[in-house]
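This report refers to the structure that appears directly beneath it.
In what follows, chains are A, B, ... by sequence order, proteins preceding strands, each numbered from 1.
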Amino acid sequence: MKKASGKPVPYDPAAIEGKWREKWASSGIYRSTEAPGKGKFYALDMFPYPSGEGLHVGHPKGYIATDVVSRMMRMSGHSVLHPMGFDAFGLPAENYAIKTKTNPAIAVRKNVARYKKQLEILGFDYDWSREVNTTDPDFYKWTQWTFLEMWKKGLAYESHEPVNWCPTDKTVLANEDVENGRCERCGTPVERKPMRQWVLKITEYAERLLNDLDATDSHDEPVFVDQSSDGGYRAGIPIVERDAIMAIVKHWSEDKYIGLKWKKVDWQTLITGGPEHGQTPAEGARQEIIEETGYINPRLVRHIGRVHSKFFHAPKQVNRFAHFDCYYFELENGERHQLSAAESDIHEVVWLTREEMTKFLSPEAHRHVWKCFLKNQPVAPALLDWPESIKEAQRNWIGKSQGAEIDFRLAIRDKKPRFVILHGYQGSAKTNFIPWLKRELEKRGHEVEAPELPHTNDPNEEDQVAYVLNNCRIDDRTVIIGHSLGSITALKVVMKLDRPISGLVLVAPAIDPDFKQADFRPYWKGYKWNFDYAQIQKLTGGRIAVLSDTEERLRARYLRDVLAKNLNATLTEIKATEEHFCALEEPAILKAVTPLITVFTTRPDTLYGVTYVVLAPEHPWISQCMNFIENKDEVRAYIAKTSRETEIERAAADREKTGVELKNIRLINPINGEEVPVWIADYVLPDYGTGAVMAVPAHDDRDFAFAQKFGLPIKPVIAQTFTSTHSSDAFRPAEPAQTRPTAVCIIKHPTEDRYLFVKKKGISDLGEDVIVATAGGIDAGETVPQAGQREIAEETGYSHVRFIRSLGAPVCYRYFSKNSNQNRQAILYPGYYELIDESRQDVSEHEKSLHDTIWLEQHDIQRYLDGRPFNAIFWSRLSGSSAYTGPGILVDSGNFSGQNSTDIMKEITAAAQGRWLAKYKLRDWVFSRQRYWGEPIPIIHCENCGVVPVPEKDLPVKLPKVKSYEPTGTGESPLSAIRSWVNVKCPRCRGRARRETNTMPQWAGSSWYYLRYMDPKNSKRLVDARREKYWSPVDLYVGGAEHATRHLIYARFWHKFLYDIGSVKSVEPFRKLQNVGLIMGEDGRKMSKRFGNVVNPDDIVKTYGADTLRVYEMFMGPFDQSIPWSTDSIVGCRRFIERVWKLRTKIVPGAPSDTAAKILHKTIGKVTEDIQHLHFNTAISTMMIAVNEFEKLPNVGRTIYESYLKLLAPFAPHVAEELWMSLGGKKSIHLSAWPTFDPKLAADTEVRIIVQVDGRVRGSFMAAAGGPATELERRARALPEAAKWTTGKKIAKIIVIPDRLVNIVLTGE
RNA sequence: GCCGGGGUGGCGAAAUUGGUAGACGCGCAUGCCUUAGGAGCAUGUGGAGCAAUCCAUGGAGGUUCGAUUCCUCUCCCCGGCACCA
């Protein structure tokens, strides 16, 4: 690198960077190959959308990071996959096309070329041969294919529900595309429109999407699969939920632990097994230990945690849902039985030290449990190594609420309906569901008639209708239920009436035999297939329900498109228990005829406090019951008003509550049989839960506000909480409780921040002392403060006490007293009191025998009251926050043993005949867009066959060319204008058919593109199974945090679906996710053309070189943090590279000096670790320190310098290559081996010992590393700086931290 | 309101299990070099003080020989959810 003249060559990036990039490309050094036996590493960037504006310096930051990591991984012997591609469908390209009237494909091609050029000059190690583009038909063929697979599994369906419509972009949006009621893209407020849409059932995966966020790591090798034993997993047994245990067992006196060595399978484990029926997992664990080890006295010390076994891959999809409970046991002593022959045949017991244990536990999950045990942590999940913020965002988005559905039966004051059930062709009142339905209705107090209609095998309209009219009582209370042909009879009966009936329920009505493709039906001649729809509607008041079995496809279409439409009836499309509702019990029918309002609540324990029920104005039940409602007009007006409101208006918080009562209708509270009124109000959302809530105004702010406004009763709240026990048998819901109002007193000391409590002595229920707030019953005629003051005086002797304020609405506190063997409940009135002075009277002997009076400091209270309701009252009321959320809300269940409170809720749910379940905020994914530039949905609508998928051989359905890309705004995509494309023959019946013209959203292709990189050219499959197995999962995924609840949820869903159909082998696509922090403009604002603060990377490369840009972006700060760009600061990185460059002049061939080797190895250790943890800024700072230190040396050995260049190579690949080659490198530095860290060489022989006196640094001295503590102590005391502070003082003790510091602690005087 | 993540010099930021707070870089200051500018090199650089020393990691308490780190409360910033029952 010296010219002939001997002058050093200056560093000139322009002269070297292009040269090496060409070499790398032509020699293909970054080509990814599957090398079996070699470790693999898949680094992935969120592929860009190639917009017209090109890159700014913020874009490449994430790409540089994956580049650095992938380069290091390649050098350390991994097969690396680091690909790049383009996500090119979507609105920007389309809008550009509309403006310029050009095909978006052309603009995309241009922009992609520009992006690639910009990316190339930064020297990335992409394997461009694997480039993918979502708009390439060879790519989107597989997007379409997956859609059809979902359709086959019923996960893609057409919905007619109201959806979000953006009037500006003229397309529907998914829930994820709406932000605060506005279109995420253009900010227009979205409208709710009922439209036919394709929807993906992502909600089916809600639970898995949620659970897997916290799941433990998965492994290629099964961890708990142990065919030779029955431990934990049993192949072939389709047990959905089988608990399993794992135990760590410690020696009785020494610090060593039991391991099992399995003889036949060469497998080493902790003790695992399955608890037997009726055993708790802990008991099962104990038994397993005894059986497997022979030691008879294991003692349970603690539960380490619970791991979901779902991700410990089992070979077949069985038994995937068990939990492993992990326990820690200690042996009491060495007593031991002989092991059974069977057991000793299988394994032997070995004793292991802690260190051996770590090595011994080869399966990662065992080691994981062991680590958690050592750290005293619960078993922590590790399947996804993702930022907590992203996981949290996803949890919020999925929005799981555990709770109960509770059915409230209808109680109509007047006009209790009676039923007439009409059977069908060849039927009778004794067949199908009719006897059962009759019984059920009669149970509910209805009159029911189920006549045997004449000529059931050869029916005719006239006879049947006449029979009904003559024999059945039909008036305005009658609801007629017809099954199959009975439905037609019912319709004809209604047409003959001159007075209204109560309603009509048509269960799978017979269909017009003229309807195309209908089977021949012998009865058709006996009936006239004409209906006076208007008359029927009039006489039923529109109360018509049509039930359709989705299995009967032809009938379903007719019922929906003809009958229900003409009758304006409520259509319920469900899968019947048996086809055509022919089962003996068809609950759907009962549900349709005896409307229940099902509410969802997370607090079923508050059922006793329900004083009314509120429905969303959209609730379908309202129209069904309209006949019974007295104030119909008022109700209709309110519903109309609500429907006019935008989402934004409606969602606006703290707006005045509005609502209307449904008069004459009441609902029955199943827990106590109370009748409560029903209201509709827009604060209840139609699409969450069941669209209906039970209102507990004493518990809930919203209900409270509503009740206040409309003068509804607010019942003293009843809470099922306990102090007396942790077992649920304490509470017996069936038994009546005694209620007594009680004052609870929080009493503050007159001057200090201390509080008065009483310590109850030996409460027999508990057999222990309990500390509680002072409390006592309120006597007749007393106010709460009076009672409080009296109780305080009686119990504590302090009589000078002043009532300050109430701590909120009364709380009902319920418990079971074992003393009196009865349920008790007290309504607690918490109040806050202050002592006026400390004068105190004597307390009666009786009181003294019951309790002591104690003072607690604020911070002690938590400890003493932990887990008791008083604790919650105290803290929430004193701080005015947390546990209580409403005026009367009860103790937060979270303050109690979680298990316990859940048990209580479940118990009450059962008592109310409700269902304990979870609800999610996640909605199904609206998957169609009424736009041009997206993947066509590969569906054909046939006039006869209905929805028909495009056969796989015809995929991809290519996007045709159109004249106008303009969205129509009618809900049709521009594709619908292309007749030649739209009109096709049905692939099934060759009849007339039309293509689906909606396209897929932009998120479709990006939901799986990472799989295609593994096998980008495969025309047979989405991805080859072997390649997928080799490369999956993505080891490192880098991208922006803004994708948390869209791309990252969609991709996880898509991937899990592909897993379920066997296309991929991993449950989760991205193992480690890293967010890249934004680079903002120099003015601190977002970098954007709008603010004129965009910095173009091309310019920076021109001035400083690509290597400098790369180093600078990695050095700016913590990788995931947003930091403003600073062109001034770049020079530091350029100087750094130049100093490395100049170091070349100091190279000597000889042996490396110890000092240089030490610098090098410290650097190797730190840089390697930092890159692994993505701490690029500290990696670079370490390399800077190394250069600074090398510069101070007279010379640097050549091998040292070469190793150093290797560390630099991932960050600054060009300059590292140039220097490497100039030293005579044969192969590229990027294919060389990553330097190995030698801790011995890095170790310091001398360390600086800090000397402190009373914790303050007073001086330091150098000492040999590993020196004895006594020596350090002696030298520290002798140190003049220290002696200055210690002379004449007494030394209390001296703390010595080897190799670190000595702290001389003086006595107080 | 609920949940998550953060607050350290003029700036970007460092700081294994608690063990010298401010590494590294920018900027700034002084000097050398240079016709000049720039670049480079050297030294210094949290605050107060002549100094010894004291004060400093959003604030207030606590635990500890010792706290940026652990605990309690509190303030502020960023992000997610939000009339979600």
Side-chain angles (χ1 to χ4, degrees), chain A residues 180 375 387-401 403 599-603 606 614 650-655 657 681-685 687-696 699-703 705-706 753 857-860 862-863 875 879 881-882 885 919-921 1041-1042 1044-1045 1075 1111-1112 1115-1118 1120-1133 1135-1136 1138-1139 1142 1169 1175 1177-1185 1187-1188 1248-1260 1284 1292-1297 1299-1306:
Chain A
N180 300 320
K375 287 188 196 158
E388 192 50 40
S389 59
I390 301 285
K391 287 191 186 179
E392 194 56 29
Q394 296 209 347
R395 280 186 210 110
N396 283 339
W397 189 258
I398 295 164
K400 179 177 180 176
S401 304
V599 302
F600 177 70
T601 176
T602 53
R603 292 290 303 272
T606 62
V614 194
R650 181 162 174 179
D654 40 84
R655 69 196 284 235
K657 292 271 183 294
D682 63 6
Y683 81 90
V684 177
L685 305 174
D687 49 7
Y688 179 74
T690 58
V693 302
M694 58 184 219
V696 189
H699 273 245
D700 184 282
D701 274 339
R702 295 154 303 176
D703 297 342
F706 193 79
D753 196 16
E857 308 257 333
Q858 263 218 31
H859 64 267
D860 284 330
Q862 187 94 20
R863 197 183 311 153
W875 284 108
S879 64
S881 68
S882 73
T885 62
K919 292 278 179 192
Y920 303 88
K921 285 193 287 202
E1042 68 274 14
T1045 54
N1075 288 140
V1111 170
Y1112 173 64
F1115 182 65
M1116 285 175 82
D1120 57 354
Q1121 194 167 307
S1122 297
I1123 297 169
W1125 177 264
S1126 164
T1127 302
D1128 284 346
S1129 301
I1130 297 178
V1131 292
C1133 295
R1135 281 177 198 154
F1136 162 61
E1138 294 208 15
R1139 291 165 86 170
K1142 282 183 198 152
E1169 203 186 304
H1175 296 158
N1177 54 334
T1178 50
I1180 292 169
S1181 114
T1182 307
M1183 287 192 288
M1184 287 173 169
I1185 294 169
V1187 175
N1188 293 348
R1248 180 165 294 279
I1249 305 293
I1250 303 305
V1251 179
Q1252 294 183 339
V1253 178
D1254 273 342
R1256 287 181 169 271
V1257 179
R1258 296 303 178 188
S1260 66
K1284 183 172 145 195
K1293 58 174 162 178
I1294 296 182
I1295 286 155
V1296 180
I1297 309 291
D1299 290 350
R1300 272 261 151 83
L1301 94 164
V1302 178
N1303 189 5
I1304 303 167
V1305 185
L1306 305 173

Applying side chain to side chain donor-acceptor pair (under 3.5 Å), name anything that partners A:S1181, two or more places apart in sequence or on another chain.
none
Under the rule for side chain to side chain contact (heavy atoms under 4.5 Å, CB included), what residues qualify as partners of A:I1250, not counting sequence neighbours?
A:R1248, A:Q1252, A:V1257, A:S1260, A:L1301
Among B:C83, B:G19, B:G12, the nucleotide that comes nearest once only the side chain of A:I1123 is considered
B:G12
Just the rounded figure in Å: distance from C1' of B:G6 to CG of A:N1075.
14 Å
Which nucleotide in the list B:A85, B:G12, B:U20 gets nearest to the side chain of A:R1248?
B:U20
So what does A:S1129 hit on the nucleic acid, given a heavy-atom distance under 4.0 Å: a base, only sugar-phosphate, or nothing?
sugar-phosphate
Contact state string [nucleotides 40-55 of chain B, B base, S sugar-phosphate only, - no protein heavy atom under 4.0 Å]:
S-----------SSSS
Send over the distance from A:I1130 CD1 to B:G12 C1', rounded to a whole Å.
13 Å
With a non-hydrogen cut-off below 4.0 angstrom, is A:K657 in contact with a base, only sugar-phosphate, or nothing?
base
Nucleotides 76-81 of chain B: which of its N/O atoms have a protein N/O under 3.5 Å away?
from	atom 1	to	atom 2	distance (Å)
B:G80	N2	A:N396	ND2	3.4
B:G80	N3	A:N396	ND2	3.1
B:C81	O2'	A:K921	NZ	2.6

Base, sugar-phosphate, or nothing for A:S1260, non-hydrogen atoms under 4.0 angstrom?
nothing
So what does A:P387 hit on the nucleic acid, given a heavy-atom distance under 4.0 Å: a base, only sugar-phosphate, or nothing?
nothing
A:N1177: which residues meet the side chain to side chain contact (heavy atoms under 4.5 Å, CB included) condition with it, sequence neighbours left out?
A:P1118, A:H1175
Every protein N/O within reach of nucleotides 63-68 of chain B N/O, cut-off under 3.5 Å:
from	atom 1	to	atom 2	distance (Å)
B:C65	OP1	A:K1293	NZ	3.4
B:C65	O2'	A:N1303	ND2	3.4
B:C65	O2	A:N1303	ND2	2.4

Would you say the side-chain atoms of A:Y1112 pair up with the backbone N or O of A:S1126, donor to acceptor, closer than 3.5 Å?
yes
Salt bridge or not for A:R1135 and A:E1138, using N-O below 4.0 Å?
no
